[in-house]
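Every chain is numbered from 1, with letters handed out A, B, ... down the list of sequences.
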There are 2 protein chains.
Amino acid sequence: MSGGRAQAWGERARHELTARGHRAGGARDAVIDGLAAHDGCCTAGELADRLRAEGRGVGTASVYRALSVLQEAGLLRVLELGEGERRYELVHADGEHHHHIVCDGCGRTLPFHDDALERAIGAAADRSAWAVIGHDIVLHATCPRCAAG
Amino acid sequence: MSGGRAQAWGERARHELTARGHRAGGARDAVIDGLAAHDGCCTAGELADRLRAEGRGVGTASVYRALSVLQEAGLLRVLELGEGERRYELVHADGEHHHHIVCDGCGRTLPFHDDALERAIGAAADRSAWAVIGHDIVLHATCPRCAAG
DNA sequence: GTTCCTGCAAAGGTTTTGCACCATA
DNA sequence: TATGGTGCAAAACCTTTGCAGGAAC
């Protein structure tokens with residue numbers, strides 16, 4: 001559905017993990033495919049459910065271990081949107097990234113990108129005494145559906 | 001330690017809660033004092049530990065219930081810094097707010113404020129189709145101590 | 001006296017860990 | 001064959017909920 005972009009991510013993920021000395025394995029393969037098949041952000045539980053529904057059920061621990069390895073390799077970004085669980089999002093090779101508007105009413109999210117905002121963040125990071133690696137921005141909002149009541 | 005500012009917050013909190021029809025109570029009082037005494041952001045667990053150390057032990061449920069009421073009243077801001085638990089921070093009457101730089105190594109945080117960044121966020125929010133209420137920004141970094149060690 | 005607040009205990013949920021077994025290189 | 005990946009189960013963790021008793025209004 002999300003085309004070659006996500007597929008490219010999958011190939012890169014497998015390559016990068018091999019380069020880091022990780023062996024191949026069925027569970028991790030399923031996790032990578034599951035993430036690539038759904039180029040949005042999902043939780044560990046959602047991912048496990050989806051794999052189970054496809055008949056590629058994977059142990060809970062393996063899901064978390066795979067996510068952890070992918071995150072350490074810089075292939076996943078972790079989001080905390082205030083729902084009490086973490087969401088994982090693909091990091092693409094082109095470095096493009098975006099942020100999220102979250103509806104405080106229903107929890108739906110809307111990705112957005114803003115160059116001026118990125119520049120402002122970069123400038124703020126440069127002024128900091130600590131070595132800034134990255135950033136997360138969450139806009140809290142009311143979506144049109146919730147606003148309508 | 002944090003002077004009259006936090007004390008003023010405590011008084012305002014009690015006043016606001018009364019105005020909202022809440023009754024006074026020992027546990028909630030202790031939570032308000034505990035928050036005001038430590039004008040940074042803390043987790044529910046840290047707050048409970050601190051109160052227990054002061055001999056003002058409060059049931060776990062009461063801590064969470066008090067935090068929830070204070071949040072609904074707009075007296076607390078909730079932060080998710082990626083540690084798996086929530087941090088609560090005082091919202092002062094002057095509306096001043098700041099964001100956080102988090103050390104991914106040790107978890108220490110550094111508050112910062114940047115007017116240009118606030119303007120950029122405001123502009124991005126104005127362009128959004130959803131009605132934006134607020135925002136959270138987290139800069140991930142390596143603190144000097146972790147960079148050295 | 002009614003209503004809300006409180007504490008304890010138990011449940012809920014997500015994430016991590018221990019361990020034996022199996023697949024990979 | 002040695003090492004790391006996998007699954008199951010259990011644990012750890014934060015947070016919420018149910019309920020009986022007590023305090024505030």
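Side-chain contact between A:E80 and A:R86: present, with at least one pair of heavy atoms (C-beta onward) separated by less than 4.5 Å. With a 4.5 Å cut-off on side-chain heavy atoms, A:H135 and B:V138 do not count as touching.
Atom C1' of nucleotide C:dT14 and atom CG of A:D49 are separated by 13 Å, given to the nearest angstrom. Spacing between atom CZ of A:R86 and atom C1' of C:dT15 amounts to 7 Å, rounded to whole angstrom units. Between the P atom of C:dC5 and the CZ atom of B:R14 lies a distance of 15 Å, rounded to the nearest Å. Rounded to an integer number of Å, the gap from CG of B:D29 to P of D:dA23 is 15 Å. Following rounding to the nearest Å, A:L67 (CG) and D:dT6 (P) show an atom-to-atom distance of 12 Å. Atom CD in A:E85 sits roughly 17 Å away from atom P in C:dG12 (whole-Å rounding). The interatomic distance linking A:L17 (CG) with C:dT24 (P) rounds to 16 Å, in whole Å. Summarising the geometry, the separation between CZ on B:R20 and C1' on D:dA24 is reported as 20 Å, rounded to the nearest angstrom.
Side-chain N/O atoms of B:R23 and base N/O atoms of C:dT3 include a donor-acceptor pair closer than 3.5 Å.
For the pair B:A27 and A:G25, both in contact range of DNA chain C, the more 5′-proximal nearest nucleotide belongs to B:A27.
Within the 4.0 angstrom heavy-atom criterion, base atoms lie near A:R65. At a threshold of 4.0 angstrom between heavy atoms, the contacts of A:A44 are confined to the sugar-phosphate backbone, with no base atom among them. B:G45 comes within contact range of no nucleotide atom at all, as no heavy-atom separation falls under 4.0 Å. Using a 4.0 Å heavy-atom distance criterion, B:A61 is classed as a base contact.
In this model, no donor atom of one side chain and acceptor atom of the other lie less than 3.5 Å apart for A:E96 and A:H113. Using modelled atom types, one finds no donor on one side chain facing an acceptor on the other under 3.5 Å when comparing A:H99 with A:D136.
Using a 4.0 Å cut-off on heavy atoms, none of the residues of residues 68-81 of chain A approach DNA chain D.
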For residues 9-19 of chain A, which side-chain N or O atoms pair as donor and acceptor with protein atoms under 3.5 Å away, sequence neighbours left out?
unit_1	atom_1	unit_2	atom_2	d
A:W9	NE1	A:L75	O	3.0
A:W9	NE1	A:V91	O	3.3
A:R12	NH2	A:V91	O	2.5
A:R14	NH1	A:D29	OD1	2.8
A:R14	NH2	A:D33	OD1	2.7
A:E16	OE2	A:R20	NE	3.1
A:T18	OG1	A:R14	O	2.9

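Checking D:dT15, C:dT15, C:dA25 against the side-chain heavy atoms of A:A24 singles out C:dA25 as nearest.
Ring to ring, A:H100 and A:H140 are not that close: their centroids are 6.0 angstrom or more apart.
Distances shorter than 4.0 Å separate none of the side-chain N or O atoms of A:R28 from OP1 or OP2 on C:dA23. Considering only side-chain N and O atoms, B:H22 lies nowhere under 4.0 angstrom from the phosphate OP1 or OP2 of C:dC4. Within the 4.0 Å cut-off from OP1 or OP2 of D:dT16, not a single side-chain nitrogen or oxygen of B:Y64 is found.
Surrounding CZ of A:R108 are more than 12 heavy atoms belonging to other residues, nucleotides or ligands, all under 6.0 Å away.
Note on A:R5 versus A:D94: salt bridge recorded, some NZ/NE/NH1/NH2 to OD/OE distance being below 4.0 Å.
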